[in-house]
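Let me begin by presenting the structure, written as structure tokens, before commenting on it.
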Amino acid sequence: MVEGKFSRRSLLWLGMGALGTFGACQLGRSQEVSSPLTMQLGEHGLKTYAQAQGVLYGSAVRFKDLKADPEYAARVAQECGVLVPEWTLKWHVSHPESPPLRPAPDQFDFTGADWIANFARTHGLPLRGHTLVWYNSLPPWLAETINAENAEAIMVNHIQTVAGRYAGQMHSWDVVNEAIAHDPTRGRSDGLRETPWLEFIGPDYVERAFEVAAQTDPDALLVYNDYGLDYDTRENDAKRTAVLKLLERLKNKGAPVHALGTQAHLWGDRDQFNARKLQTFFRNVADLGLKIMITEMDVNDKNLPSDIGKRDQQVAHVYQEYLTTALAEPAVIAVITWALSDRYTWLSEFHPRADGLPVRPMPLDNNLERKPAWESMAQAFASATSR
Ligand code: G3I
């Protein structure tokens with residue numbers, strides 16, 4: 001019945017593409033729930049609250065953590081409806097337990113990515129790919145090798161090989177990540193970031209990447225992903241304008257871009273959130289015929305008070321305020337957090353607190369228990385309109 005009503009592509013986009021291939025665990029769970037209003041918070045994982053409204057919830061994961069920590073892995077399976085590898089689909093993240101995807105110009109190492117793909121398959125979950133074309137996490141050999149003659153071939157070969165390997169399993173791909181400059185008011189008039197791809201291929205590298213991704217994995221939702229789109233500041237205004245211009249240009253050229261990914265790395269102590277501005281931006285994106293995904297959400301608590309109760313309440317408030325605003329836009333189809341638990345978040349390493357206390361930016365705490373942030377998320381999903 002479901003297969004008849006929806007195409008394989010729309011099932012994948014709803015996070016149910018795994019059904020046909022891997023079993024009915026997703027649909028089984030969401031069908032048990034007739035109305036979100038009747039749900040008792042706490043009874044189900046976040047994915048169930050989200051899915052009841054046609055929204056996909058998931059998290060970034062690391063291969064080494066899933067492998068070494070079965071208790072954590074079980075919580076991931078319980079809460080998440082989609083997984084995105086935090087490291088292993090990037091060209092080069094060096095970690096002793098997670099070999100880089102591109103160790104050499106003619107080599108690919110899929111050890112970590114395959115492990116996560118198998119974990120996802122075993123649990124009936126689709127994957128999100130992050131990311132095919134980025135300026136960061138590139139291997140040292142690239143800078144020594146790339147030139148105007150070979151750049152396009154290197155990019156195309158990478159997309160075809162990596163997206164080709166997981167074709168049919170991917171809910172979506174961040175085809176191009178962070179192509180707009182950190183501060184687009186400086187530099188080029190089109191706001192594009194100076195990257196090797198821009199330097200050696202030119203501004204059309206963005207649409208070329210989308211074309212190749214579409215040919216390679218026609219079922220996946222193809223996403224342009226960026227950060228700095230959340231606040232009512234001069235910088236974020238400029239970033240929203242530049243991203244919108246880029247998306248308009250891509251659409252006008254007929255590039256197969258299907259969605260904007262907005263990372264949503266938020267701050268617990270910032271009071272520059274303006275719901276009206278975010279909603280207007282989302283509406284402008286949706287008017288281009290694009291879906292929207294919240295792709296890397298977390299709430300940085302490094303500047304919040306030491307008191308855990310107060311900190312957790314403020315972090316929860318930011319989740320609630322942002323998600324309630326975002327989910328009011330029907331084009332928003334997914335919410336991904338950039339970790340599930342405080343046990344494994346990039347923020348403990350990249351943004352530690354000055355008082356030395358562990359950071360608490362995620363929906364589950366260090367003991368994998370649900371926090372007020374989890375409740376805010378479940379509530380925001382449960383009260384969202386169905387899409
Ligand atoms: O663990 C190794 C260590 O052994 C080595 O000595 C050290 C020196 O290079 O590197 C360590 O690996 C680092 C890894 O994080 C773990 O700490 C990598 O270099 C570092 O590049 C990697 O950072 C990741 C970063 O992206 C760059 O890929 C973060 O974990 C990851 O959370 C972050 O994610 C990004 C998204 O992809 C895009 N949006 C922003 C987001 C946060 O920055």
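Because only heavy atoms are used, hydrogens play no part in the values below, and waters and symmetry mates are left out as well, while side chains stay in. Start at 1 and go down the list; that is how both ligands and their atoms are numbered.
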Does H130, backbone or side chain, put an N or O under 3.5 Å from an N or O of ligand 1? yes
I want to know if ligand 1 touches E86 in the polar sense, i.e. an N/O pair below 3.5 angstrom. yes
Without hydrogens or angle criteria, can the side chains of [X] and [Y] be said to hold a donor-acceptor pair below 3.5 Å?
| X | Y | value |
| --- | --- | --- |
| H158 | W91 | yes |
| Y227 | N236 | no |
| N252 | R249 | no |
| N225 | N177 | yes |
| Q279 | R276 | no |

Could you list the atoms of ligand 1 found under 4.0 angstrom from a heavy atom of [X]?
| X | result |
| --- | --- |
| W346 | 32 (O), 42 (C), 43 (O) |
| E178 | 38 (C), 39 (N), 40 (C) |
| P96 | 4 (O) |

Logged contact type for W338 with ligand 1, heavy-atom cut-off 4.0 Å, is side chain
Using a distance threshold of 4.0 Å (strictly less than), state whether atom 14 (C) of ligand 1 has a protein heavy-atom neighbour. yes
Nearest atoms (heavy-atom pairs only) where D109 meets P100: CB-O, 3.4 Å
Heavy atoms of G191 and P184 approach each other most closely as CA-CB, 4.2 Å
Could you find the nearest protein heavy atom to [atom] and give me its residue, atom name and distance?
| atom | answer |
| --- | --- |
| atom 2 (C) of ligand 1 | S94 O, 3.2 Å |
| atom 30 (O) of ligand 1 | W87 NE1, 2.7 Å |
| atom 25 (C) of ligand 1 | K90 NZ, 3.8 Å |
| atom 27 (C) of ligand 1 | S137 OG, 3.3 Å |
| atom 23 (O) of ligand 1 | F350 CZ, 3.3 Å |
| atom 1 (O) of ligand 1 | H95 CD2, 2.9 Å |

Does M155 reach the side chain of V133, with side-chain heavy atoms less than 4.5 Å apart? yes
Have a look at V84, V93, L89 and point out the one with the heavy atom closest to atom 18 (C) of ligand 1. V93
Best match, E296, H351, H92, R62: closest heavy atom to atom 40 (C) of ligand 1: E296
Does R343 make a cation-pi contact with Y72 (under 6.0 Å, within 45 degrees of the axis)? no
Chi angles and distances behind the side chain to side chain contact (heavy atoms under 4.5 Å, CB included) call for R208, V156: CA-CA 8 Å; R208 182 78 184 112; V156 168; 4.0 Å; yes
